[in-house]
A.B. asks: 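Sharing a structure below in structure tokens format, with a few things to ask.
Residue numbering restarts at 1 for every chain, and letters A, B, ... go by the order of the sequence lines. All values reported here derive from a predicted model rather than from experimental measurement. The basis for the numbers below is simple: all heavy atoms, side chains too, and nothing from hydrogens, waters or symmetry mates.
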Number of protein chains: 2
Amino acid sequence: MDRRPLRPAAKAAAARRLIRAAGERLTAPRAAVLAVLLEARSALTHHEIEATLATTFPVDRVTVYRVLDWLVALGLAHRIPGEDRSWRFGASRAPAHGPHAHFTCTRCGTTVCLEDVAVPPAVKLPRGFRPQKVELTVQGLCAACR
Amino acid sequence: MDRRPLRPAAKAAAARRLIRAAGERLTAPRAAVLAVLLEARSALTHHEIEATLATTFPVDRVTVYRVLDWLVALGLAHRIPGEDRSWRFGASRAPAHGPHAHFTCTRCGTTVCLEDVAVPPAVKLPRGFRPQKVELTVQGLCAACR
DNA sequence: GAGCCCGGCGCAACCGGATTGCATCTGCGC
DNA sequence: GCGCAGATGCAATCCGGTTGCGCCGGGCTC
Ligand SMILES: [Mn+2]
Ligand SMILES: [Mn+2]
Ligand SMILES: [Zn+2]
Ligand SMILES: [Zn+2]
């Protein structure tokens with residue numbers, strides 16, 4: 001999987017700006033984790049985030065978990081359940097990051113957001129069921145794995 | 001969650017018939033696990049299956065895992081990834097059990113197959129990506145939990 | 001700039017679903 | 001019935017994620 005950073009310095013600054021704008025306490029681990037998500041070309045597992053940070057700014061794995069939870073609660077990131085019983089995290093770029101589909105490669109596990117795929121807003125449910133959220137995931141092979 | 005059996009004896013016979021028809025070795029744990037799935041009104045976790053069997057025909061939990069894998073590989077059951085990092089299993093009733101959506105209650109965890117909800121057959125993917133399977137999951141509250 | 005304090009951090013222990021290794025048992029073809 | 005490939009049971013292990021707790025430091029107050 002390709003997760004080369006896109007303009008690391010700019011993303012680090014953007015991360016700090018986003019945290020400040022949210023009125024939250026700015027700490028080095030928070031900025032570092034969010035910067036990694038902003039730089040990434042795909043949604044990352046906890047392990048991938050930790051590994052990316054290891055070379056530049058090691059952060060305790062529990063802290064990474066807690067920062068990710070916090071980012072999700074804040075709406076700055078979203079959590080994507082995976083086939084492999086681990087979660088992947090992606091930055092929520094737009095302020096009101098709407099529902100969107102995801103693609104997961106069955107071979108390498110890479111997961112990307114499909115921002116422009118419309119998720120069916122409503123499906124027919126059994127009587128009395130109330131929908132809250134719709135999740136649409138496409139599985140297949142990514143361009144690199146074909 | 002309601003998982004009262006639907007005609008247990010008939011389902012047990014159906015389970016044995018399905019395994020025989022598949023040309024596979026018929027063992028007591030296999031028949032018992034498949035019967036539980038056929039009787040269930042919703043998709044069950046490994047734990048729920050084990051608990052259901054405990055009263056009538058206790059099966060080692062590792063065996064349950066292995067039987068479930070085997071049923072999925074055989075196409076007699078399908079595996080639904082859940083929000084809670086556990087899997088749920090449902091019998092695949094039709095021989096060519098097509099793609100269908102699922103509903104998961106965010107309160108009690110009950111997961112049911114929505115056999116009649118059309119899953120979008122094709123979504124626009126990035127260049128070079130090849131789709132294999134589409135998964136559509138609706139989260140919300142079930143009738144009992146509202 | 002120094003001090004305070006609450007919330008964030010690191011560390012170690014823990015949890016639970018799932019997997020693996022291996023010896024024993026058994027369904028079923030002969 | 002026999003034999004054996006393959007299924008089962010048991011114990012140990014793995015691994016993603018969580019919890020408890022003492023220390024630390026970001027940011028407000030003056
Ligand atoms: Mn996404
Ligand atoms: Mn189903
Ligand atoms: Zn791939
Ligand atoms: Zn419910």
A.B. asks: Could you tell me which non-hydrogen atom of A:Ala12 sits nearest to which non-hydrogen atom of A:Ala35, and how far apart they are?
C.D. replies: CA-CB, 3.9 Å
A.B. asks: Tell me which of B:Phe89 and B:Glu24 sits closer to the 5' end of DNA chain C, going by the nucleotide each one is nearest to.
C.D. replies: B:Phe89
A.B. asks: Assign B:Thr27 to base, sugar-phosphate, or nothing according to its heavy-atom contacts below 4.0 angstrom with the strands shown.
C.D. replies: sugar-phosphate
A.B. asks: Which label fits B:His78 and B:His100: parallel for a plane angle under 30°, tilted from 30 to 60°, or perpendicular past 60°?
C.D. replies: perpendicular
A.B. asks: Which of the following nucleotides, D:dG9, D:dG17, D:dT18, is nearest to the side chain of B:Asp60?
C.D. replies: D:dG9
A.B. asks: Give one of base, sugar-phosphate or nothing for B:Arg61, where a contact means two heavy atoms less than 4.0 Å apart.
C.D. replies: base
A.B. asks: Can you work out whether B:Leu26 or B:Asp84 has the more 5'-proximal nearest nucleotide on DNA chain C?
C.D. replies: B:Asp84
A.B. asks: With a 4.0 angstrom cut-off to heavy atoms of chain A, pull out the first and last contacting nucleotide of DNA chain C, in 5'-to-3' order.
C.D. replies: C:dC6 to C:dA18
A.B. asks: Whole-Å distance between D:dC14 C1' and B:Tyr65 OH?
C.D. replies: 13 Å
A.B. asks: Give the table of side-chain donor-acceptor pairs shorter than 3.5 Å for residues 127-137 of chain B, with sequence neighbours excluded, one pair per line with atom names and distance.
C.D. replies:
unit_1, atom_1, unit_2, atom_2, d
B:Gln132, OE1, A:Thr106, OG1, 3.0

A.B. asks: Sequence neighbours excluded, which residues qualify as side chain to side chain contact (heavy atoms under 4.5 Å, CB included) partners of A:Ala144?
C.D. replies: A:Cys142
A.B. asks: Report the distance from atom CZ of A:Arg30 to atom C1' of D:dG27, rounded to the nearest whole Å.
C.D. replies: 13 Å
A.B. asks: For A:Trp70, which contact category applies under a 4.0 Å heavy-atom criterion: base, sugar-phosphate, or nothing?
C.D. replies: nothing
A.B. asks: Rounded to the nearest 0.5 Å, what separation is found between the CD1 atom of B:Ile49 and the CZ atom of B:Phe89?
C.D. replies: 6.5 Å
A.B. asks: Using the C1' atoms of the five pairs at each end, what is the angle between the end axes of the helix from C:dG1-D:dC30 to C:dC30-D:dG1, to 10°?
C.D. replies: 40°
A.B. asks: Any link between B:Leu141 and B:Leu114 through a network of hydrophobic side chains (Ile, Leu, Val, Met, Phe, Trp, Tyr) touching at under 4.5 Å?
C.D. replies: no
A.B. asks: Go through the side-chain N and O atoms of B:Thr111 and B:Thr104 and say whether any donor and acceptor fall under 3.5 Å apart.
C.D. replies: yes
A.B. asks: Pick the nucleotide of DNA chain D nearest each of B:Arg85 and B:Val67; which residue has the one closer to the 5' end?
C.D. replies: B:Val67
A.B. asks: What is the distance from atom NZ of B:Lys11 to atom CG of B:Leu37, rounded to the nearest 0.5 Å?
C.D. replies: 11.5 Å
A.B. asks: Hydrophobic clusters here meaning ILVMFWY residues chained together by side-chain heavy-atom distances under 4.5 Å, can you tell me if A:Leu26 and A:Leu68 are in one?
C.D. replies: yes
A.B. asks: At under 4.0 Å between heavy atoms, which parts of nucleotides 19-25 of chain D does protein reach? Answer with one letter per nucleotide, 5' to 3': B base, S sugar-phosphate only, - none.
C.D. replies: BB----B
A.B. asks: Test of understanding: clusters of I, L, V, M, F, W, Y form through side-chain heavy atoms closer than 4.5 Å, transitively. Do A:Phe103 and A:Ile80 belong to the same one?
C.D. replies: no
A.B. asks: Would you mind writing out the side-chain donor-acceptor pairs for residues 53-67 of chain B within the sub-3.5 Å range, not counting sequence neighbours?
C.D. replies:
unit_1, atom_1, unit_2, atom_2, d
B:Thr55, OG1, B:Thr52, O, 3.4
B:Thr56, OG1, B:Leu53, O, 3.4
B:Asp60, OD2, B:Val62, N, 3.0

